[in-house]
*Asks:* 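Have a look at this one.
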Amino acid sequence: MVMTTALWSFALVVGLLTLTPGLDTALILRTAALGERRGAWGAVLGIQTGTMIWGALTSLGVTALLAASPVAYEVLRWAGVGYLTWMGTRMLRDTWRNRGAAETTPEEVPEPGGFAAGWRRGLLTNLLNPKMGVFYVAVLPQFMPAGSSHVLMGLLLASVHVLLALVWSTVLIAFARAMRGWLRKPVARRVLDRVTGGVIVGFGVKLALGD
């Protein structure tokens, strides 16, 4: 497989993966709709920092240990379950705790933390998902041209993934910002938080069940 073919083929695979709605999509949409623009881009870049780390670790052969070691996989899996469950349940809890205040507040204040908080949230969400590492272990070697440097090619392929994700994230943020006026209304915010919190908890449960 020549390098050009490898890059285009990999772009098709991860492009379809990127367009599939999931945890990252829910996190980005909520942050963009209800938080500051910097917080939304912080979440995006945190997620993509995690993608680059997974790509680098896979290229170095480190994530193969994750796929081969049940103990390492289980430790990371349950750390991810705990983090996602905590984040989702806190979001759901806050919609009930702040319900009375929200009904008398015409518009919510943007969430604090800005870029740094969004980046940490995105990075942890990505790195504590062992399926991301297993996906890279299973897929990345198939797109390595014979004779190429595994480290450099792995980073190049991960960069393609990041580039596609950044383009799609730009579309998601633009859509969320266009809907921001409506989504920042108290009722709409509660609905969005409950949906997003439910999605995040659902991913935590799915990860716990090993599906």
Side-chain angles (χ1 to χ4, degrees), residues 10-58 63 66 76-77 79-92 111 113-140 157-180 183 192-209 211:
F10 183 74
L12 177 60
V13 172
V14 296
L16 293 174
L17 177 66
T18 300
L19 292 175
T20 303
L23 178 60
D24 292 351
T25 302
L27 183 62
I28 292 168
L29 282 174
R30 178 185 180 272
T31 307
L34 304 177
E36 301 175 344
R37 185 185 297 270
R38 289 175 300 173
W41 278 109
V44 170
L45 295 179
I47 291 168
Q48 301 318 317
T49 299
T51 298
M52 287 301 298
I53 291 174
W54 280 121
L57 292 177
T58 302
T63 49
L66 174 65
L76 185 58
R77 182 167 74 94
V81 169
Y83 177 70
L84 292 177
T85 303
W86 169 79
M87 182 165 60
T89 53
R90 189 182 67 167
M91 199 176 296
L92 291 171
E111 294 181 345
F115 182 90
W119 184 85
R120 286 194 301 270
R121 191 178 300 116
L123 179 66
L124 287 174
T125 299
N126 188 288
L127 290 183
L128 291 178
N129 182 5
K131 292 186 177 183
M132 186 69 177
V134 173
F135 170 80
Y136 262 54
V137 169
V139 173
L140 219 61
L157 291 171
S159 298
V160 170
H161 192 176
V162 168
L163 179 61
L164 292 174
L166 288 175
V167 172
W168 180 235
S169 296
T170 301
V171 174
L172 292 177
I173 290 175
F175 170 76
R177 298 288 294 187
M179 299 291 291
R180 187 181 179 189
L183 291 173
L192 181 60
D193 278 2
R194 287 173 188 172
V195 171
T196 306
V199 168
I200 293 174
V201 171
F203 272 94
V205 171
K206 184 177 181 181
L207 188 57
L209 295 175
D211 294 337

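Side chains included, hydrogens not; waters and symmetry mates left out as well; all remaining heavy atoms used. Position 1 is the first residue of the sequence; numbering continues from there.
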*Asks:* Please report the shortest heavy-atom distance between Ala32 and Ala176, naming the atom on each side.
*Replies:*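 For Ala32 versus Ala176, the nearest heavy atoms are CB-CB, 3.6 Å.
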*Asks:* Are Met132 and Thr51 close enough, and set up right, to give a side chain to side chain contact (heavy atoms under 4.5 Å, CB included), and what steps lead you there?
*Replies:* CA-CA 8 Å; Met132 186 69 177; Thr51 298; 3.6 Å; yes
*Asks:* Quick one, Leu123 with Ile53, criterion side chain to side chain contact (heavy atoms under 4.5 Å, CB included). Give me CA distance, side-chain angles, the key distance, then yes/no.
*Replies:* CA-CA 10 Å; Leu123 179 66; Ile53 291 174; 4.2 Å; yes
*Asks:* Not counting sequence neighbours, which residues clear ring pair (Phe, Tyr, Trp, His ring centres under 6.0 Å) with Phe10? List them please.
*Replies:*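 Residues passing ring pair (Phe, Tyr, Trp, His ring centres under 6.0 Å) with Phe10: Phe143.
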*Asks:* According to side chain to side chain donor-acceptor pair (under 3.5 Å), does anything in residues 157-170 pair up with another residue at least two apart or in another chain? List the pairs.
*Replies:*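 Counting only pairs at least two positions apart or across chains, the side chain to side chain donor-acceptor pair (under 3.5 Å) contacts touching residues 157-170 are Tyr136-His161.
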*Asks:* List the residues meeting side chain to side chain contact (heavy atoms under 4.5 Å, CB included) with Val201, not counting sequence neighbours, and say none if there are none.
*Replies:*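 Thr89, Leu92, Val205.
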*Asks:* Hey, could you give me each pair passing salt bridge (Lys or Arg N to Asp or Glu O under 4.0 Å) that has a residue in residues 38-56? Not counting sequence neighbours.
*Replies:*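 Matches after skipping sequence neighbours: Glu36-Arg38.
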*Asks:* In residues 14-23, what donor-acceptor pairs under 3.5 Å come from side-chain atoms, sequence neighbours left out?
*Replies:*
from  : atom 1 : to    : atom 2 : distance (Å)
Thr18 : OG1    : Val14 : O      : 2.7
Thr20 : OG1    : Leu16 : O      : 2.9

*Asks:* Using side-chain hydrogen bond (donor to acceptor under 3.5 Å, both in side chains) as the criterion, list what pairs up with Thr49, not counting sequence neighbours.
*Replies:*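 Applying side-chain hydrogen bond (donor to acceptor under 3.5 Å, both in side chains) to Thr49 gives Trp119.
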*Asks:* Please check this pair: side chain of Trp54 against backbone of Phe135, looking for a donor-acceptor N/O pair closer than 3.5 Å.
*Replies:*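 Side chain of Trp54 to backbone of Phe135: no pair is present.
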*Asks:* Before you tell me yes or no, could you show the steps for Met87 and Thr125 under side chain to side chain contact (heavy atoms under 4.5 Å, CB included), namely the whole-Å CA-CA distance, both residues' side-chain angles and the distance that decides it to 0.1 Å?
*Replies:* CA-CA 10 Å; Met87 182 165 60; Thr125 299; 3.8 Å; yes
*Asks:* Pick from Leu172, Ile173, Val162: which one makes a side chain to side chain contact (heavy atoms under 4.5 Å, CB included) with Val44?
*Replies:*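 The residue from Leu172, Ile173, Val162 that satisfies side chain to side chain contact (heavy atoms under 4.5 Å, CB included) with Val44 turns out to be Ile173.
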*Asks:* When the side chains of residues 79-86 are checked against the rest of the protein, which donor-acceptor pairs come out under 3.5 Å, sequence neighbours left out?
*Replies:*
from  : atom 1 : to    : atom 2 : distance (Å)
Thr85 : OG1    : Val81 : O      : 2.7

